[in-house]
Amino acid sequence: MRAITLLLVLLASSVAVVTPAAAAEKSVTFASTEDSYVSEAGPGKTHHTVTWLSVCTTPCDGANASERGAFVRFTVKDVPANAVDVTMTLDVQSVRTTDTTLEVRPVTGEWTADTLTFDNRPDVGEVIATHKGLTSGGTAKLDVSSAFTGNGSYDFALTSPAGAHGVLHSSRATSGQGPKLTISYDTEAATPSGPLPFAMPSTATLRASERKVFAHYFTPYPISLNNRAGADDYYTKHYLTPTGENNKHLAYGGLLRDRPIPRGVLAGDWQLADMKQEVETAVAAGLDGFTVDVLSLTSAHWDRLNILIRAAEAVDPGFKIVLMPDMTSLKTDAATLAAAMAKLATAKSVYRLADQRLVISPFKAEGQSAAWWQNFMKIMKDTHGITVAFVPVFLNFSANAAAFAPISYGFSNWGNRSPAQQGGIAGNIAKAHELKKIWMQPVSVQDERPNQGIYDEANNTENLRVTWEKSISGGADWIQLTTWNDFSEGTQFAPSVHNGGAYLDISSYYLTWLKTGKAPAITRDTLYLTHRTQFAAARPTSGTQTKFMLPRSGTSTPRDTVEVLSFLTRAATVKASIGGVDKTYASQAGVQAKTFPLAYGTSKASVGAVTVTSPWQVKKDFTVQDLQYHAVSSGRK
C-alpha cells in the first residue's frame, strides 16, 4: 500500500489574483552624468574635460600600446515598478566616419570621471551589445536591455575589438550630442493578471484538446480535517508535530512536512466548501479533472470522494472525476467493486469518453490479474449496463503490458520522482502506442517520506521540467500529476504552505504547451526560487527524531542548491542573493534555470522591478529532517 508519510511546519501564505490592466507605452531619456575615456598611450592621464570620447583597439592610429576606451554613467529614475517589456538603448553620436566596431560592457568596478586613467580603470564585464561602423554626425544605437534592473545607476564601458579609431561626442560636446540612455516600456495600472508568466488560454480552448491533464487526488489530506483555524487544526496538532497522535510519529519527526494552506473556521457544509475550492483551483490551473484514489468503499474516504463529485458538479460540470480504485487497499471481490463504481458513475462529473464508456483507472492494477479485471468489466456491462474504458496504472508497466493489452483502452504507470529515472518516458509512450493504446504519463515534483525513511532527489524543479518536457516531446495522450495532495509522500502540486502554488503555476505553462502544441509566449517576467531549508546530509541538532530519510536507490545524486527559474520576455541580467552573497548572471529570454550552492540564511532574486524573496531560511540548527524543496514565485505576493 502506498505510504502515507509527511511532516509539516506551519506558515501562513496567501495567493492574490487580479485582473489585467491596459498597457501604456512610455519612454524616458537620460543624458550621461559622467563620461570620460582612457588611453594606454598616456596611462596616468585623465580626459574628463575634453569634448570627445575615444575608442580604439591597439595598435591605434599606427601606434603600439595605444588602446583607448570610454566610460559613461547614467542615473535612471522614474521608471515605475509596474514597467513591463522594457527596452534600454544606449545612443552615442560619432564625430567622424570610421569602420570602428563598438562593444558595450557593464562596469563592475568603481570610477569617477575626474580621476579615471588607463592605469586605474575599473573592471568590466562581458560584451552585451555591439555596433559596427560609425557615420559623422550619426547616432549608433546599442541595445543594452539585458542590463536593466530598475531605477538606479548604470555604468558602461565602450571598447573596440577592430576597426579604426572611433571618436564620439562626450557630454561636454559643443557641436553635437553626448551619450544618452533611452528606456522604453509599457505600464500596467495594476499587478499583472494572476501569478502566471504567460496568458492562460480559456478553459474552452484547453478542453477542446484531445490531450487531457488530470491530478491525482488523495482523500486523506483535504484542505481541512476538522474545520478549525490553522493554528489549532488537525494538521498542526497531530501531523506536523513529532508528538502528534499520542507520539505515534515521534521517531521520524512527525507524519508530514507540508500541508494545505490553512484557513479559518467555515460555517455550514465546510467539507463541500473545501472541495469546491479544490476544484476551482484545479480549473484555474487548466486541469481537466482529478483522478481520485478510491481507498475504501465506506468510511471518511468514501464520503470525501462523494463530496468531491458533488463539488465538481456544482462548480464546473466539465471538470471530471476519474475513478481510480486503489488495489493496495481495496480487498474486495469484483462484484462488490463493480457495484460501488456503478453507483458513482451515475454522477455527471464522473469521467466518460465521448462514446460514453466509463473510465476506470485502477492504481497498482497488477494487484489483480487481467482475468480478474476482465470479469469486473463483464459484471459492469451485464449487471449495470456500463461499458468500461480500462486505463490501468501499473507499478511495473513493462511486466504487465502484454497481459493487459487485450482488455485496456490505455496504459499508465506510477512513475519515478528524480531526473535520473526519467529516461524511459519516450519508450513507454512508444510501447503503448505500438499496442494501439493511449498513454497517461505521470508528472511529478518530488517525493519525501519521513515515516518510510526515504526520499528522491528532484534537483529543485528539474524533475518537474524534465517529466513535462519528455511527456510533450514523446507524445503522451494524457497526463496525471502525481499528486495533487498526497502530503504523506511529499508529492503535492496543490497550493501548500511550502510551495504557495508555484509548482502548479509552472505546470500550467507546460499544460498549455501540451494542449496547444506550442510553448506559450512569455508576457511578463516571472521568477521562481526553490531550495531546501537544510543540507541533504545534515541531521537535526536537537529534538526527538531517530529515524532519518535516505536517498532512494537509483535516484539522482543528492545536491544542495538554490535554483532561480526565470520566465523572461527578453534576455536580461538577473540578480540573486544567496545567504547574503550577491550573484549576477545573464539570463536568456524564455525559460532558464540557474543554480547556486545552498548557503545558510535568506535567498532572493530579481530582474528589473520583479523580485522574489524566499520566506524560508536555510538553518544550521533544526529539530526535524525535511528534504523537500520549498518554492516561492514572484507572481504570488
Side-chain angles (χ1 to χ4, degrees), residues 28-58 60 65-77 79 88-95 100-131 134 140-161 165-174 176-183 572-575 577 581-586 606 608:
V28 287
T29 299
F30 303 92
S32 61
T33 56
E34 288 192 86
D35 53 63
S36 187
Y37 76 92
V38 299
S39 173
E40 190 177 11
K45 185 178 179 180
T46 62
H47 303 89
H48 62 288
T49 61
V50 299
T51 60
W52 67 89
L53 303 172
S54 288
V55 181
C56 193
T57 187
T58 190
C60 184
S66 54
E67 178 186 350
R68 298 186 181 202
F71 290 79
V72 294
R73 172 174 292 143
F74 301 90
T75 299
V76 173
K77 59 182 180 179
V79 177
M88 186 162 68
T89 305
L90 172 61
D91 293 346
V92 290
Q93 189 179 69
S94 179
V95 174
T100 310
T101 295
L102 287 180
E103 294 176 334
V104 182
R105 302 168 184 266
V107 177
T108 58
E110 300 292 329
W111 67 282
T112 59
D114 59 349
T115 61
L116 180 66
T117 67
F118 187 89
D119 283 345
N120 68 13
R121 68 194 188 281
D123 293 334
V124 299
E126 298 295 325
V127 175
I128 60 173
T130 61
H131 180 90
L134 300 174
K141 294 182 175 293
L142 299 110
D143 185 352
V144 293
S145 302
S146 63
F148 180 76
T149 57
N151 293 321
S153 181
Y154 290 83
D155 293 8
F156 299 107
L158 294 169
T159 59
S160 177
H165 179 191
V167 182
L168 311 170
H169 287 297
S170 76
S171 60
R172 296 163 295 281
T174 57
Q177 295 181 337
K180 291 183 174 15
L181 191 68
T182 298
I183 300 174
T573 298
V574 177
K575 294 182 178 180
S577 176
V581 179
D582 292 338
K583 314 281 185 178
T584 302
Y585 68 96
S606 65

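Note that the numbering runs from 1 along the sequence shown for the chain. The structure presented is a predicted model; accordingly, all values stated were derived computationally and were not measured.
- Partners of Tyr585 by ring pair (Phe, Tyr, Trp, His ring centres under 6.0 Å), not counting sequence neighbours, listed by chain and number: Phe596.
- Of all heavy-atom pairs between Ala129 and Val144, the closest is CB-CG1, 4.2 Å.
- Residue Lys583 places its NZ atom among more than 12 non-hydrogen atoms of other residues, nucleotides or ligands, all under 6.0 Å distant.
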>> Working note: Asp143 + Ser145, criterion side chain to side chain donor-acceptor pair (under 3.5 Å); need CA distance, chi angles, decisive distance, verdict.
In response: CA-CA 6 Å; Asp143 185 352; Ser145 302; 2.5 Å; yes
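- A donor and an acceptor atom, one from each side chain of Thr182 and Thr29, are located under 3.5 Å apart.
- Between the side chain of Arg68 and the main chain of Ser39, no donor-acceptor pair closer than 3.5 Å is present.
- Closest non-hydrogen pair, Gly150 versus Val76, comes out as O-CG1, 4.4 Å.
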>> Quick one, Phe156 with Leu142, criterion side chain to side chain contact (heavy atoms under 4.5 Å, CB included). Give me CA distance, side-chain angles, the key distance, then yes/no.
In response: CA-CA 11 Å; Phe156 299 107; Leu142 299 110; over 6 Å; no
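- Contact annotation: the side chain of Leu90 never approaches that of Tyr154 to less than 4.5 Å [non-hydrogen atoms, C-beta and beyond].
- Looking only at distances, no side-chain donor or acceptor of Asp91 sits under 3.5 Å from a matching main-chain atom of Lys180.
- Of the inter-residue distances, the one linking Ser54 atom OG with His47 atom NE2 reads 7.5 Å to the nearest 0.5 angstrom.
- With a 4.5 Å cut-off on side-chain heavy atoms, Met88 and Leu181 count as touching.
- Between Lys77 and Phe30 the shortest side-chain heavy-atom distance falls below 4.5 Å.
- Taking both residues in full, the closest heavy atoms of Arg121 and Leu116 are given as CA-CD1, 3.9 Å, listed atom of the first, atom of the second, then distance.
- Put simply, the side chain of Ser170 gets close to the backbone of Thr51: a donor and an acceptor are under 3.5 Å apart.
- Proximity of Pro179 to Phe74: side-chain heavy atoms (C-beta onward) are separated by under 4.5 Å at one or more points.
- In this structure, OG1 on Thr46 lies 10.0 Å from OH on Tyr37, to the nearest 0.5 angstrom.
- We find the CZ-OG1 distance between Arg73 and Thr75 to be 7.5 Å, quoted to the nearest 0.5 Å.
- A search for side-chain contact (heavy atoms from CB on, under 4.5 Å) contacts involving Ser94 returns Leu134, Leu168, not counting sequence neighbours.
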Please table the atom pairs, donor to acceptor, closer than 3.5 Å between any side-chain atom in residues 101-113 and protein atoms at least two apart or in another chain.
| residue | atom | partner | partner atom | Å |
| --- | --- | --- | --- | --- |
| Glu103 | OE1 | Arg105 | NH2 | 3.1 |
| Glu103 | OE1 | Thr159 | OG1 | 3.0 |
| Arg105 | NE | Thr159 | OG1 | 3.3 |
| Arg105 | NH1 | Gly125 | O | 3.3 |
| Thr108 | OG1 | Asp123 | O | 3.1 |
| Trp111 | NE1 | Asp155 | OD2 | 2.9 |
| Thr112 | OG1 | Asp114 | OD1 | 3.0 |
| Thr112 | OG1 | Thr115 | OG1 | 2.7 |

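- To the nearest 0.5 angstrom, Ser32 atom OG is 11.5 Å from Gln177 atom CD.
- Atom CD in Gln93 sits 11.5 Å away from atom CG in Leu53 (nearest 0.5 Å).
- Contact check for Ile128 versus Thr573: no side-chain heavy atoms found under the 4.5 Å cut-off.
- To the nearest 0.5 angstrom, Thr57 atom OG1 is 9.5 Å from Glu40 atom CD.
- No side-chain heavy atom of His165 sits less than 4.5 Å from a side-chain heavy atom of Thr100.
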